[in-house]
Amino acid sequence: MNAPVSPASIPELIEIVRATPRLIAIGSETKPRLSAADAVKVSTAKLSGITEYDPSEYTFTALAGTPLREITAALRERGQYLPFDPPLVEAGATLGGTVAAGLSGPGRFRFGGLRDFILGVKFVDGSAKLLRMGGKVVKNAAGFDLPKFFVGSMGRFGVLVEMTFKVFPSPPNSLTLKLEAKGIEAATRILIEAANSRWEPHALDLPPAGNQVLLNLRGPAAALEPLASEILARWPGVKLPAAEAESVWTELREFRWTHASGVLIKVPLAPAELPRLRPTLGELGQDVRLHASSGGSVAYVSMVSETAGSPIDSCLRNLKLHGLTLRGPGPLWQGCPHQSKIALAVKNALDPQNRFPALDN
Amino acid sequence: MTRPEQLATYESDGLTVFRARPLAVAVPETAEEVIALVRYCHEERLPFVARGSGTSLSGGSLPVEGGIVIALNRLNRILRLDPELRIAVVEPGVVNTQVSVAAAPHGLHFAPDPSSQSICTIGGNVAFNSGGAHCLKYGMTSNHVLGLKAVLATGEVVEWGGPSRENVGPDWCGLFAGNEGLFGIALEITLQLLPRAECFHTVLAGYRTLEQAGQAVAAVVASGLLPGAMEIMDALALEAATAAVHAEYPPNCEAVLIVELEGPKEAVAADRERLDATLRASQPVEVLVARDAEERAAIWKGRKCAFSAVGRLSPDFIVQDGVVPRQRLGEALRRVTEMAHEAGLRCANVFHAGDGNLHPLILFNGREAGALERAEALAGRILRMCVEMGGSITGEHGIGMEKRDFLPVMFTADEIAFMKQVRHAFDPLEIANPGKMFPTAEAPSLRQRGLHPLEKAGVLSRE
């Protein structure tokens, strides 16, 4: 495959879209399977930077190629943060790539995922037109909610150029507990009970080890200590020192627990499905690791490699689950996806010349 | 139903200036009947308008002449409520508050709380992506829709999402929410429920001027707190609320600010100190703190009834719903007042200060020649002002019938064409709620004066 083209301006990007019969946008390719299609790769690397940031409005606007690192640093300086806690920040992920992949991190548990914070998008559509949908204020109901539709759209409907997001003030303090669980069943019970509690956890994850639950609390310092004591009275566990807490969450957020150059699949599910999924994965005959995030609403599955016949696909199918391959060679969709007629109709309507790859490519 | 006296009830919705008589009103009792009706409409190219309780403030459920209304009120079952997964699966005719009522024994609630929540339906909330007083922190309806089963205008039945809070692939539920009835009809909606906060701290602060109240909002934002709600009512709204529900407010105030903190009691105890200090520094005339659930309910009752209460001060009124950047709230309110003065009309203001969502309520007497036209001209000027300030023409009521001519103020011709392409993928025949959202050359519908019959009965309120 040829080197990606890298437009230096929006007009240049529009020209490239107009002149290229088949293309797909890429950022830093931290989720390479999503753009592994037979198409010219158009990099957003040079379309980078925060274009507007007004802390008092709780909003910012940035170009698609802006590294998340730059955004989180700018927000931190003003005491704010991205509540959906985007992953792969240190790996170099871009804002546009994160939107197209539809990925949120452990912190999404408290206030919702990326979809809940995107306010507006500017993009180049299949007819090489630069369009803007949504708005720049925190509340807006004018027109169809295309910004949400672009979350997880994997570059199949256009090239994202710029996005506006809602942000929140950072809670002043953070405290992480590591709770012990005898196994996946017990861990799942903790996830469910803690999610229904009065404690308002910010993150609630089951790391790959499988016999513990990580619970993050945020808020005023005076509140965190008594809440932590109450939780530790409910389940055995420890309060992690700040530096260790930081590193366990970074490890999860950056997918450092996964197999190097292995397969990584995202599987949305309900927490009650975890005790069925984990043992089934164990039967695949290789080292399979699982990180369940956001109270057990999503599982990330890492494998050494994809063997012939994609056994993970039938494994998910048996459990009536489906997943999306983020890294590794296998099929993009795993398990039971459903390709509705409307998905094709919308694709044809927005990209009549099939400039962007198909949703199942 | 086809008899004129039966159809009359359905001629209008929460936006009473428009009125249209449908050919018939169908009242299906099951999802299968809705699917059959939509498929029939598709075969016959017959326009249809889905309707819940008809509380749309943008004329979104106004019937189409020569088409049918599909009234969904009998699809009012909560199909599943799973406290462990914190979800409810409901039919579209379920009333908003019924979800929270059913969830309450499990310590859960459904966050979106439009002022009409005791009567409006979830189907309508989804179609118009309804908001409420807690949007800054918890988002709008679409932020709480995890899954959908819907019949599209083509007759295709789709199922998207499910009990999980996560998703892969394009966000179809996100696209469907807020479609204003132009894509099809939701049949089953999976809603996210949230644990009800353990503790609330509700404060009502009175200010000499509206601008001071606006500055207090800015100070709360700058303090780093994230209140569950921040609302402002102006003098005219206070006068009306006082008369309607005997609410008590600090005297001689041009504005009242309501701020509510919520969370675990330890967190609220720490945050309230910061809030109290911030409000003390904001030069209030008086600060009242709700001491118990009853006093909190009284503060919210005054707020939520404000619009129908103001409505009783005047024979007719128009509610606007524009959004401005929060830091320009003070400027926006000053200009609204000036423009109202120029138009010779009174205008009350109740708004979601936390997210910059204005609700100016323009009072007029429809019997006075030219008054309606002046009120509409004023409403148009306010909408244009919102867009000029970088905001939006609607925060939560939707475009509907009312603001379709203003869509081009916010979007270019290419952008509107793009949205129409999306609409055509869902509804190539343009039979689902036609004539709404997009500007058309059609003549406006017949006009009607005064309060909605349900408003007169005190059942319905506008926000």
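Letters go in sequence order (proteins before strands), and every chain restarts at 1.
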Output the option from A:Lys341, A:Gln80, A:Lys266, A:Arg132 having the highest count of non-hydrogen pairs under 4.5 Å with chain B. A:Arg132
For chain A, which candidate among B:Leu225, B:Ile416, B:Asn179, B:Thr394 shows the most heavy-atom pairs at distances under 4.5 Å? B:Thr394
Taking C-beta and beyond as the side chain, do B:Leu85 and A:Pro271 meet within less than 4.5 Å on heavy atoms? yes
Which atoms of A:Pro172 come close to chain B, meaning under 4.5 Å heavy atom to heavy atom: side chain ones, backbone ones, both, or neither? side chain
Contacting moiety of A:Arg108, where chain B heavy atoms sit under 4.5 Å: side chain
Segment of A:Val346 engaging chain B (4.5 angstrom heavy-atom cut-off): both
For chain B, the option from A:Pro55, A:Ala195, A:Ala101, A:Pro83 that forms the most heavy-atom pairs under 4.5 Å: A:Ala195
Counting only heavy atoms not in A:Arg78, do more than 12 sit closer than 6.0 Å to its CZ atom? no
Would you mind reporting whether B:Glu266 and A:Pro220 have side-chain heavy atoms less than 4.5 Å apart? no
In sequence, state the C-alpha distance, the side-chain angles, and the governing distance for B:Glu84 and A:Arg189, and then conclude on side-chain contact (heavy atoms from CB on, under 4.5 Å). CA-CA 9 Å; B:Glu84 292 208 338; A:Arg189 292 309 312 166; 2.9 Å; yes
Does CD in A:Gln353 sit with more than 12 non-hydrogen atoms of other residues, nucleotides or ligands closer than 6.0 Å? yes
B:Glu198, part contacting chain A, at a heavy-atom distance under 4.5 Å: side chain
Would you find more than 12 non-hydrogen atoms of other residues, nucleotides or ligands less than 6.0 Å from B:Arg196 atom CZ? no
For A:Ser340 and B:Val158 the tightest heavy-atom approach is CB-CG1, 4.3 Å
Does any heavy atom of chain B fall under 4.5 Å from the side chain of A:Asp125, the backbone, both, or neither of them? side chain
Hey, which of B:Pro325, B:Gly354, B:Ala270 has the most heavy atom pairs under 4.5 Å with chain A? B:Pro325
B:Ser164 side chain vs A:Leu269 backbone, donor-acceptor pair below 3.5 Å: yes
Determine whether B:Asp414 and A:Leu130 satisfy the following criterion, side-chain contact (heavy atoms from CB on, under 4.5 Å), listing intermediate values before the conclusion. CA-CA 9 Å; B:Asp414 279 347; A:Leu130 181 68; over 6 Å; no
Side chain from CB out, backbone as N, CA, C, O: work out which of these in B:Val324 comes under 4.5 Å of a heavy atom of chain A, or both, or neither. backbone
Just so I understand: if I count every heavy-atom pair under 4.5 Å between each of B:Tyr138, B:Phe128, B:Phe406, B:Phe176 and chain A, which residue has the most? B:Tyr138
With chain A, the option among B:Gly178, B:Ala177, B:Pro195, B:Gly169 that has the most non-hydrogen atom pairs under 4.5 Å is B:Gly169
Modelled atom types, side-chain donor and acceptor of A:Lys148 and B:Ser142, under 3.5 Å: yes
Looking at chain B, which one of A:Leu227, A:Asp116, A:Val138, A:Asp54 has the largest number of heavy-atom pairs inside 4.5 Å, strictly under? A:Asp116
Region of A:Ala100 in contact with chain B, defined by heavy-atom distances below 4.5 Å: neither
Answer yes or no: is there a side-chain heavy-atom contact under 4.5 Å between A:Val298 and B:Val168? no
For A:Phe149 versus B:Pro170, what's the shortest heavy-atom pair and its separation? CE1-CB, 3.6 Å
Go through the atoms of B:Met419 and report whether side chain, backbone, both or neither lie under 4.5 Å from a heavy atom of chain A. both
Nearest atoms (heavy-atom pairs only) where B:Asn357 meets A:Lys139: OD1-NZ, 3.0 Å
Is A:Leu103 close to chain B through its backbone or its side chain, or both, or neither, when contacts mean heavy atoms under 4.5 Å? neither
Report the relative orientation of the aromatic rings in A:Phe157 and B:Trp172; use parallel for angles under 30°, tilted for 30 to 60°, perpendicular for over 60°. perpendicular
Please look at B:Leu108 and chain A and tell me whether the side chain, the backbone, both or neither of the residue comes under 4.5 angstrom of a heavy atom of that chain. side chain
Portion of B:Ala267 that has a non-hydrogen atom of chain A nearer than 4.5 angstrom: both
Please evaluate residues B:Val323 and A:Asn140 with respect to the criterion side-chain contact (heavy atoms from CB on, under 4.5 Å), reporting the C-alpha separation (whole Å), side-chain torsions for both, the decisive distance (0.1 Å), and the verdict. CA-CA 7 Å; B:Val323 183; A:Asn140 172 33; 5.8 Å; no
Indicate whether the side chain of B:Gln327 and that of A:Ser56 have a donor and an acceptor atom separated by less than 3.5 Å. yes
Quick check for you: among A:Ile342, A:Thr59, A:Val137, A:Leu131, which has the greatest number of heavy-atom pairs under 4.5 Å with chain B? A:Ile342
The interface call for B:Pro83 against chain A, heavy-atom contacts under 4.5 Å, is backbone
When you compare the side chain of A:Phe109 with that of B:Arg165, does any pair of heavy atoms fall below 4.5 Å? no
Might you point out which heavy atoms bring A:Pro268 and B:Glu166 nearest each other, and give the distance in Å? CB-O, 3.5 Å
Among A:Leu224, A:Leu146, A:Leu34, the residue with the most heavy-atom pairs under 4.5 Å to chain B is A:Leu146
Quick check on the interface: out of A:Pro171, A:Ala221, A:Ala141, A:Gly79, who has the most heavy-atom pairs with chain B under 4.5 Å? A:Ala141
Is the ring centre of B:Phe418 less than 6.0 Å from the ring centre of A:Phe123? yes
Quick check: does any side chain N or O of A:Lys136 sit under 3.5 Å from a backbone N or O of B:Ser392, one acting as donor and the other as acceptor? no
Please tell me if the side chains of B:Glu415 and A:Lys129 come closer than 4.5 Å, counting only heavy atoms from C-beta onward. no
From the list B:Gly224, B:Cys199, B:Ala218, B:Pro163, the residue making the most non-hydrogen contacts under 4.5 Å with chain A is B:Gly224
Heavy-atom proximity to chain B below 4.5 Å, by part of A:Asn348: neither
Decide whether a cation-pi geometry holds between B:Arg423 and A:Phe144; the criteria are a distance under 6.0 Å from NZ or CZ to the six-membered ring centre and an angle within 45° of the ring axis. no
Heavy atoms only, distances under 4.5 angstrom: which of B:Glu180, B:Met410, B:His144, B:Lys403 has the most pairs with chain A? Name it, please. B:Met410
To the closest 0.5 Å, what do you measure between NE2 (A:His322) and CG (B:Asn167)? 6.5 Å
Is the shortest side-chain heavy-atom distance between A:Tyr58 and B:Leu226 below 4.5 Å? yes
Is the closest side-chain heavy-atom distance between B:Leu175 and A:Asp145 below 4.5 Å? no
Which bit of A:Lys166 is near chain B, if near means a heavy-atom gap under 4.5 Å: side chain, backbone, both or neither? side chain
